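By convention in this document, chain letters (A, B, ...) are assigned in the order of the sequence lines, proteins followed by strands, and residues within each chain are numbered from 1. Keep in mind that this is a model prediction, so the values were computed, not measured.
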Amino acid sequence: MTTVQRRSAIPTFDNSFISRLQKQLPELVPPAIAIAIFLVVWQLFSWTPGATLPGPIQVVQDTWILIFWPFYDRGGIDKGLFWQILASLQRVAISYSLAAIVGISLGILIGTNKIMSKALDPIFQLLRTVPPLAWVPISLAALRQNEPAALFVIFITAIWPILINTAVGVTQIPQDYNNVAKVLQLNKKEYFLNILIPAALPYIFTGLRIAIGLAWLAIIAAEIVMSGIVGIGFFIWNAYQNNAVSEVILALVYIGIVGLLLDKLMAWVQTLILPAEQK
Amino acid sequence: MSIFVAVDQVDKAFDLKGGGQYIALKGIDLQIKKGEFVSLIGHSGCGKSTLLNMIAGLDLPTEGMVTLEGKRITRPGPDRMVVFQNYSLLPWRTVSENIALAVDAVMKDLPAGERRAIVERHIDMVGLRPHADKAPGMLSGGQKQRVAIARALATCPKLLLLDEPFGALDALTRGNLQEQLIQICEQNQVTAVMVTHDVDEAVLLSDRIVMLTNGPESKIGDILDVDIPRPRKRMEVVEHPSYYSLRSEMIYFLNQQKRIKQIRARKTANISRHGLEKVNLEIGFVPLTACAPLAVAKEKGFFVKHGLDEVNLVRETSWRGIVDGVTGGYLDAAQMPSGMPMWLTLGGHQNRPLPVVTALTMTRNGNAITLSKQFYDQGVRTLADFKRYLLASSHLRHTLGVVHPSSMHNMLLRYWLAAGGIDPDQDVDIKTIPPAQMVADLKAGSIDGYSVGEPWNIRAAAEGIGFTIATDLEIWLGHPGKVLGVRENWAAVYPNTHIALTKALLEACFYCSNPENAEEIRQILAQREYVSTDISYIQIDEPNNITCSLDHPMREYAHHQFYAESAINRPSRTEQIWIMTQLARWGETPFPRNWVEIVERICRVGVFSTAARELGLDISYIRQPIQLFDDTPFNTDDPIAYLNSLKIKRDFSVAEVILDQPRGMAA
């Protein structure tokens, strides 16, 4: 007696791309549907009488040129979105790196040295709570020029999470590792390299990830206030002044996408450096 | 082997938040020789890890010091490598890198190739070659601990310190690792100190076991020597005769510590009532038919009647528990063998004289000597037969069990053997065993006979594993059995309570002597809180009843006498002097030069008389000499001459026994 084999209901293709896509379908379908619904709702709201904001269709129609020609450059601050975003990112890159270096060093100092911790803690706690925008006037007054002031604002915003998380990471080293170091009588350098840094790395990375998000936030705010520079923040403000609300909305979407990508970038760097079970 | 590590009068106190101090350890004195393996054992929180940390140098003592080869330990170092309880492997380094960290840090002056060779050798030593490049996250608990051990040994430390190394592992892994550790320690002649909870592990691995008492202010309770020869195999070490005795010693110690902790936790303030200083008494007893007066006094309300409202009877499994309770101070009073007050007073317990007084003799008779059935089958019926049998089988060692060196059973047994010409220590072995264990041991064949109070003799006869060769009727009719014992300083502080207690128990003895109450008393004793055995083994009645029938020869019951005329309940000085001579005769205690003083202090005839008078009982009696079965005269006026006249005895010493602290001179 022969047995009948049932063929699977879903037709499988040889094409590996499509088969991978099929496997990812459960992941991709819900967000896609949610985005579609959101757009529909937004469009409906924009059609109600008395709506102040344009709907998605209107936005795309108005910013058509900006979407498809991001690389144009007509001099001054009239540049394509790509150049605007790049300028902002450059500022973030410089300040963030500086903040990372200073933050990690100070964090280790506070974490390992009790006296320094007691001395500096009140100052840090006070400065930490000042929002980025509030730093703008004082940095402009001190540095007088827009570019350095913007860099300073990003720096002062991004440094706090890095510093505090590093300090916590250093103090949270399990007593066991410290005991091992004591018994083996490791000198300071060996201790730092072999025990302190690797043990505090997860905390440091948490700080770094939080800081990149804050840095991106800060630059937008700073650029809005400082006029006349190339940057996505000033682009938004300029568009608002010219009542080009669609451009503002487009810029918002771009800012969000870039922020998301930055975070994903940091996460990927983390997987490179930290071993799997330490996360 | 010279002293390698010395812990010298070490104290450790921790400062508490809000002022005050917690003294974890007090007065720890310990010497460890080179190549020795020492285990520290004790309950949680008793300071074992603290002590280990101080030896490692991770913590410093508040008083005293720890030295290694004569040099004081002030900081941790690789010569005292530690294996921690939770492995402490660096998770971002592989197995070989973890070991290499230690080797590189410690052996900086060796070339890199040699260091690598050391690392590889140690990886192989613990059997982790296939896992050498894995991160610790990928290893099991047992493998991680092996890495920790390899790391510790790779630096060739002088001292290896292990803090509950196998505590977090399952039983199989633990067994394997213990064997590996034994091999490694033997091959490399490692000196090691290990903290552990596991009693079996301690016996398996160590040369000496140090037992710490409970905190706060933990001290060394006792140090046991493990005499099991090396090399030891886990499966074979259980067959060594010392294994179980060491194990039970440790468990007894740990249980005692737990009880002391519970007693400390309970409110132990004295409750004064009815004109008595303390009505909440803890009275110890051992489950025997002889404990009837105590049971009756509790159940029939005699304690309450005389004002002792909150008496708690504490059931101990052996006389050792009674000794520990009385010396440790957590028993107010106890029913003791009649020789025990004298034994404690003369320093029988750890050579520390503790004056214990007795005001009441609760039972007389009630003992017998049982021998294993095999003797009966070989025709042994009397003492002379036994002697002949021993001469014939002189190549075998025969063991006889007694409950305690100071018990009347021991003294009667020895007297009986000696009178028959048998030396109790040369020709046979006498071993101390708790009463309830005797029947089991006789059945298992580890002892050949015993001398104990009822019901254990009738029980052996009823089960067919032994026979009664002599009851006390045939050795010393009317000998004292159990007495009431309290510490002398307790009696001084609570005189009225002492009298009330004596009254209650004397009335209970009177109650027990009444044959109409026998059935009721048997029911009480058979309960679980008291003797907890089959009721047919408990006999209270007078002799000549069915158990002593002709169908079952050699199955006589030694009946207790609780109360009778001529004030048998009085503490008798004559008997105490006889006990003194017998204790000295067998080398248990020295014979006191000041024997008159001691006898007068121990026998509280005054308390007994007051109690009896208040109960309205007649206490007139005539002093009579002791009558033993071999008719050797006992002269109370010259006990030393009597001792000298005995043929079989050990070397005895005559010494002044000082009971009081020297008094300071007035300025």
Nearest atoms (heavy-atom pairs only) where A/L184 meets B/A105: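 Closest pair (atom of A/L184, atom of B/A105, distance): O-CB, 4.1 Å.
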For B/L90 against A/N194, the heavy-atom pair lying closest together: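 Looks like CD1-O, 4.1 Å.
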Selection residues 164-209 of chain A - residue pairs positive for ring pair (Phe, Tyr, Trp, His ring centres under 6.0 Å), sequence neighbours left out: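 Listed by first then second residue: A/Y177-B/W92.
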With a cut-off of 3.5 Å and sequence neighbours excluded, list every side-chain donor-acceptor pair involving residues 67-77 of chain B.
from	atom 1	to	atom 2	distance (Å)
B/E69	OE1	B/K158	NZ	3.2

A/Q185 vs B/V106 side-chain heavy atoms within contact, under 4.5 Å: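 Side chain of A/Q185 against side chain of B/V106, heavy atoms only: no contact under 4.5 Å found.
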B/F84 side chain near A/V180 side chain, heavy-atom distance below 4.5 Å: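 Of all side-chain heavy-atom pairs linking A/V180 with B/F84, at least one is under 4.5 Å.
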Worked verdict on A/E190 versus B/L101 for side chain to side chain contact (heavy atoms under 4.5 Å, CB included): CA-CA 9 Å; A/E190 285 171 339; B/L101 176 73; 6.0 Å; no
Is [X] atom [atom1] crowded by more than 12 heavy atoms from other residues, nucleotides or ligands, each under 6.0 Å away?
| X | atom1 | answer |
| --- | --- | --- |
| B/E63 | CD | no |
| B/K108 | NZ | yes |
| A/W83 | CH2 | no |
| B/R93 | CZ | yes |
| A/I138 | CD1 | no |

Under 4.5 Å from any heavy atom of chain A - which part of B/N86: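 Its backbone and side chain both get close to chain A.
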Interchain contact, B/A102 with chain A, by part (heavy-atom threshold 4.5 Å):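 B/A102 touches chain A through backbone and side-chain heavy atoms alike.
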Largest heavy-atom contact set with chain B, pairs under 4.5 Å, which of A/L186, A/V183, A/I195, A/N187: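 Ranked by heavy-atom pairs under 4.5 Å with chain B, first place is A/V183.
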Chain B contact residues among residues 94-115 of chain A, heavy-atom distance under 4.5 Å: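 Within residues 94-115 of chain A, near chain B: nothing under 4.5 Å.
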Those residues of residues 163-175 of chain A, ordered by number, that approach chain B below 4.5 Å (heavy atom to heavy atom):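 Listed by number: none.
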Distance (rounded to the nearest 0.5 Å) between A/N179 CG and B/L58 CG: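 Going from the CG atom of A/N179 to the CG atom of B/L58 covers 5.0 Å.
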